[in-house]
Amino acid sequence: MTDVVKLHYSEAGQGMPVVLLHGFPLSGLLWEKQQRQLGDLYRVITPDLRGHGCSPAPPGIYEMETLARDVWALLDSLLIKKAVIMGHSMGGYIVLAMWKMAQDRFLALGLIDSQAAADTEEGRQGRFQLAEKVAAEGSQAVAAAMLPKLFAAGMAAGDSVLERAREMILDTSRAGIIGSLNGMAVRHNASATLATINVPALVLAGAEDQIIPVAKAVAMAAVIAIATLTIIEKAGHVPMLERPEVTTTALRKFLSTVDE
Ligand code: MLT
């Protein structure tokens with residue numbers, strides 16, 4: 001088993017612990033606005049996953065279970081037994097891996113622009129090719145591949161939201177990007193796990209997500225027992241950046257239904 005990595009994280013507020021995991025290849029800064037806004041009522045923790053932001057980036061394949069163990073170790077170090085744990089995209093894959101490991105530590109969960117299915121063979125090959133490109137060219141290669149698909153229509157180069165995302169991607173190390181691409185490529189199909197979720201679950205997606213179609217969110221919400229489905233209009237794969245206030249309001253509404 002791979003050793004856990006001590007994650008860098010940011011924390012704001014007091015109250016029920018709410019852990020917000022970012023997607024690939026971003027960082028905890030993805031949730032900066034939501035952390036600040038929800039910090040009035042909750043203890044909001046935004047880790048940088050292994051290989052991202054300011055966390056260490058060891059070489060190797062970052063399997064979702066490995067990333068999940070890092071987050072559990074962080075919560076152990078913060079003496080947090082139970083929390084609401086939400087993940088964006090790859091962060092959602094990690095939430096499902098964490099759920100399989102320790103269901104009793106969840107107060108509720110969130111799957112944000114995420115999915116439960118594994119990659120298709122074509123998707124897997126695409127990740128291996130991108131990993132090779134990143135090995136040769138660096139994080140610029142993944143920025144060029146992802147930025148055109150990250151947002152709803154109308155987002156122009158130079159827009160501060162797009163440039164913020166570009167900055168996060170370019171700040172991610174080669175080892176972090178390659179480890180995550182290879183880890184996502186080998187992740188298991190977690191579709192059967194959805195039916196085991198017996199805590200409140202927020203399934204939220206941007207209506208114009210070009211990376212994970214909104215139909216996947218609708219399908220996941222349909223099989224989770226206590227699901228809240230929220231579709232954010234005029235947002236793509238990163239509604240927390242594209243429509244931060246609307247996203248925070250949706251999170252706040254959901255969190256108000258969760259008992260500690
Ligand atoms: C992410 O945003 O985390 C990734 O796009 C997810 C993926 O590539 O499957």
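Counting convention: from 1, in listed order, for ligands and their atoms alike.
Between the choices Met146, Arg127, Met90, the shortest heavy-atom distance to atom 5 (O) of ligand 1 belongs to Met146.
Every atom of ligand 1 with a heavy atom of Phe24 under 4.0 Å away is listed here by number and element: 1 (C), 2 (O), 3 (O). The Ile211 neighbourhood of ligand 1 comprises atoms 5 (O), with distances under 4.0 Å to a heavy atom of that residue. Interface of Gly23 with ligand 1, defined as ligand atoms under 4.0 Å from a residue heavy atom, comprises 3 (O). Near Ser89, meaning under 4.0 Å from any of its heavy atoms, are these atoms of ligand 1: 1 (C), 2 (O), 3 (O), 4 (C), 5 (O), 6 (C).
Here Arg124 pairs with Glu121 under the side-chain hydrogen bond (donor to acceptor under 3.5 Å, both in side chains) rule; sequence neighbours left out.
Ligand 1 is approached by His237 to a heavy-atom distance shorter than 4.0 Å.
The shortest N or O to N or O distance between Tyr93 and ligand 1 is under 3.5 Å. Ligand 1 has no nitrogen or oxygen under 3.5 angstrom from a nitrogen or oxygen of Gly91. Residue His88 places no N or O, backbone or side chain, under 3.5 Å from any N or O of ligand 1.
The ring pair (Phe, Tyr, Trp, His ring centres under 6.0 Å) contacts involving residues 13-45 comprise His22-His52, where partners must be two or more places apart or lie in separate chains.
With rounding to the nearest 0.5 angstrom, the CG atom of Leu30 is 5.0 Å from the CG atom of Leu241. Taking CD1 of Ile94 as the reference point, atom CZ of Arg187 lies at 11.0 Å (rounded to 0.5 Å). We find the NE2-OG distance between His237 and Ser114 to be 8.0 Å, quoted to the nearest 0.5 Å.
One finds a salt bridge joining Glu11 and Arg43 here, because a Lys/Arg side-chain nitrogen approaches an Asp/Glu carboxylate oxygen to under 4.0 Å.
For the pair Val95 and Met86, the tightest heavy-atom approach, listed with the atom from each and the gap, is CG2-C, 3.7 Å.
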